[in-house]
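This is a predicted model, so every value here is computed, not measured.
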Amino acid sequence: MDRVILPSLPTERTRGGYIDRLCRRYPFLSRFEVGKSVLGRSLWGLKLGGGEEAVLYAGAFHAQEWLTALVLLRFAERLCQALDTGGSIAGIDCRRALLGRGLIIVPCVNPDGVEIALSGAQSAGDLADEVLRVSGGDLSSWNANARGVDINHNFDAGWHIVRQLEQSQGIDGPSPRRYGGSAPASEPETQALTALCERMDLRLVLALHSQGEEIYWKYGDNTPHAAELMARVLAMASGYELKTPSSIASHGGFKDWFIERFGRPGFTVEMGKGRNPLPAEQLDPIYERIEEMLMLGVVM
């Protein structure tokens with residue numbers, strides 16, 4: 001069966017069209033709206049499988065890290081193909097792997113930010129002038145949402161600590177990157193993802209970022225004992241290195257909140273190497289290197 005053509009850039013239009021075509025081709029793949037962004041763009045979730053033990057993969061928290069959305073969409077299609085034909089990924093029978101289990105993929109947590117990074121400030125609508133003011137007209141480092149808030153600093157896990165660290169670096173208001181907002185979970189994108197986690201029985205979460213070829217697995221005293229072993233399995237499959245975040249990256253993230261809130265495994269994977277945004281030409285080599293890791297996360 002021919003592949004659905006993955007767009008080279010995950011704009012709102014091309015991303016939505018790709019998801020539409022996937023869902024038409026594979027009726028067992030369901031799409032649902034996780035929530036809305038600041039500007040009213042949909043945060044789409046894709047669901048495969050059933051059962052109570054679901055895993056959540058999420059990407060594009062940061063605008064310049066849009067390649068993570070393409071990697072997750074590629075994985076969704078590969079998994080659909082294998083389920084449709086009775087095939088396997090990394091030697092794992094996909095139909096058997098998803099018996100009694102589910103996978104939810106939110107490929108783009110920050111659709112406004114990705115649109116700003118790819119299409120310019122005009123895509124921010126009524127907030128376009130504010131985006132230009134905050135960025136000084138240079139969008140090359142824009143990682144935030146449309147309000148200048150870094151989604152991965154906005155989760156309620158050590159938020160006050162990371163806020164002090166931001167202030168120590170002169171970040172005291174909306175910024176292209178690393179401003180955690182006026183309060184924890186102040187942003188609709190953050191609220192949508194945490195609400196999804198609250199209503200689902202999630203076994204683990206994996207947040208896909210770029211870059212560094214690193215895996216982060218620990219946060220505070222609520223990190224489950226099994227998490228380190230699981231992280232080592234993911235590292236062996238990908239060749240990525242286990243790391244502990246420091247300074248301004250050590251709090252406020254999605255996996256930090258999930259671990260603290262539920263006491264279940266959460267992982268941040270920094271895919272690829274280079275300078276963000278990683279070019280679309282890196283999609284295939286990055287994906288091929290981490291496909292086994294993504295599949296193992298479904299079954300662990």
Side-chain angles (χ1 to χ4, degrees), residues 6-11 15 57-76 105-111 113-118 135 138-145 149-155 162 165-166 169 171 175-180 189 205-219 231-232 234-256 266-297:
L6 190 68
S8 59
L9 296 175
T11 64
R15 192 172 64 246
Y57 289 174
F61 289 81
H62 291 140
Q64 299 294 334
E65 299 177 11
W66 47 261
L67 198 68
T68 59
L70 294 179
V71 166
L72 289 176
L73 289 171
R74 169 70 58 81
F75 181 62
I105 296 176
V106 182
C108 189
V109 174
N110 182 11
V114 168
E115 207 68 19
I116 290 166
L118 292 178
S135 67
D138 180 5
L139 298 173
S140 62
S141 64
W142 190 273
N143 261 350
N145 72 353
V149 176
D150 187 324
I151 298 301
N152 212 46
H153 282 206
N154 190 235
F155 290 89
V162 79
L165 292 169
E166 291 165 3
Q169 295 187 13
I171 304 169
S175 174
R177 58 199 304 120
R178 292 187 168 179
Y179 171 59
E189 298 91 347
V205 300
L206 186 150
L208 196 58
H209 289 257
S210 64
Q211 47 73 39
E213 298 185 352
E214 297 169 345
I215 299 172
Y216 300 89
W217 59 274
K218 186 176 183 180
Y219 185 76
R232 292 189 182 281
L234 299 179
M236 288 179 64
S238 60
Y240 285 11
E241 186 177 1
L242 297 185
K243 286 280 192 174
T244 301
S246 60
S247 185
I248 202 167
S250 58
H251 300 279
F254 174 53
K255 74 104 168 104
D256 307 331
F267 305 96
T268 296
V269 174
E270 298 279 357
M271 68 174 210
K273 275 195 173 179
R275 181 177 179 180
N276 288 323
L278 298 178
E281 292 76 20
Q282 286 200 31
L283 173 63
D284 288 344
I286 288 173
Y287 179 80
E288 289 165 8
R289 185 165 177 183
I290 69 172
E291 182 184 65
E292 181 180 7
M293 177 185 68
L294 294 174
M295 193 64 215
L296 286 171

Excluding sequence neighbours, so at least two apart, what forms side-chain contact (heavy atoms from CB on, under 4.5 Å) with A60? T68, A69, C108, V114
Test side-chain contact (heavy atoms from CB on, under 4.5 Å) applied to L242 - qualifying residues, sequence neighbours left out: I215, W217, A231, R232, A235
Residues passing the salt bridge (charged side-chain N to carboxylate O under 4.0 Å, His left out) test with E291, sequence neighbours excluded, are R78
For A58, which residues count as a side-chain contact (heavy atoms from CB on, under 4.5 Å) partner, sequence neighbours excluded? F61, V106, V109
Once you round to the nearest 0.5 Å, how far does NE2 of H153 lie from CZ of R178? 6.0 Å
Could you work out, with salt bridge (charged side-chain N to carboxylate O under 4.0 Å, His left out) as the rule, every residue matching E270, not counting sequence neighbours? none
Who are the salt bridge (charged side-chain N to carboxylate O under 4.0 Å, His left out) partners of E213, not counting sequence neighbours? R289
Name all residues meeting the side chain to side chain donor-acceptor pair (under 3.5 Å) criterion together with S210; count only those two or more places apart in sequence or in a different chain, and write none if there are none. N276
Student check: side-chain heavy atoms of M271 and L67 closer than 4.5 Å: yes
Working to the nearest 0.5 Å, report the span between CG of L208 and CE of M293. 7.0 Å
Q64: partners by side chain to side chain donor-acceptor pair (under 3.5 Å), with sequence neighbours left out: none
Can you name the side chain to side chain donor-acceptor pair (under 3.5 Å) partners of S238, sequence neighbours left out? none
Could you walk me through whether L118 and W66 pass the side chain to side chain contact (heavy atoms under 4.5 Å, CB included) test, one step at a time? CA-CA 9 Å; L118 292 178; W66 47 261; 3.5 Å; yes
If every non-hydrogen atom of S175 is compared with every non-hydrogen atom of I171, which pair is closest and at what distance? CB-CG2, 4.1 Å
Any side-chain heavy-atom pair of L283 and L6 under 4.5 Å: yes
Is any side-chain heavy atom of T268 less than 4.5 Å from a side-chain heavy atom of H209? yes
Looking at every heavy atom in both I286 and G272, which two are closest together, and how far apart are they? CD1-CA, 3.8 Å
Among residues two or more places apart or on two chains, list those pairs meeting salt bridge (Lys or Arg N to Asp or Glu O under 4.0 Å) that have a residue in residues 274-287. R74-D284
Could you give all pairs that pass the side-chain hydrogen bond (donor to acceptor under 3.5 Å, both in side chains) test and reach residues 239-251, with sequence neighbours left out? Y219-H251
Could you tell me which residues satisfy side-chain contact (heavy atoms from CB on, under 4.5 Å) with E292, sequence neighbours excluded, listed by chain and number? A90, A237, L296
Is there a side-chain contact between H62 and I151 in this structure, where contact means two heavy atoms from C-beta onward sitting under 4.5 Å apart? no
Derivation of the side chain to side chain contact (heavy atoms under 4.5 Å, CB included) call for R177 and W142: CA-CA 6 Å; R177 58 199 304 120; W142 190 273; over 6 Å; no
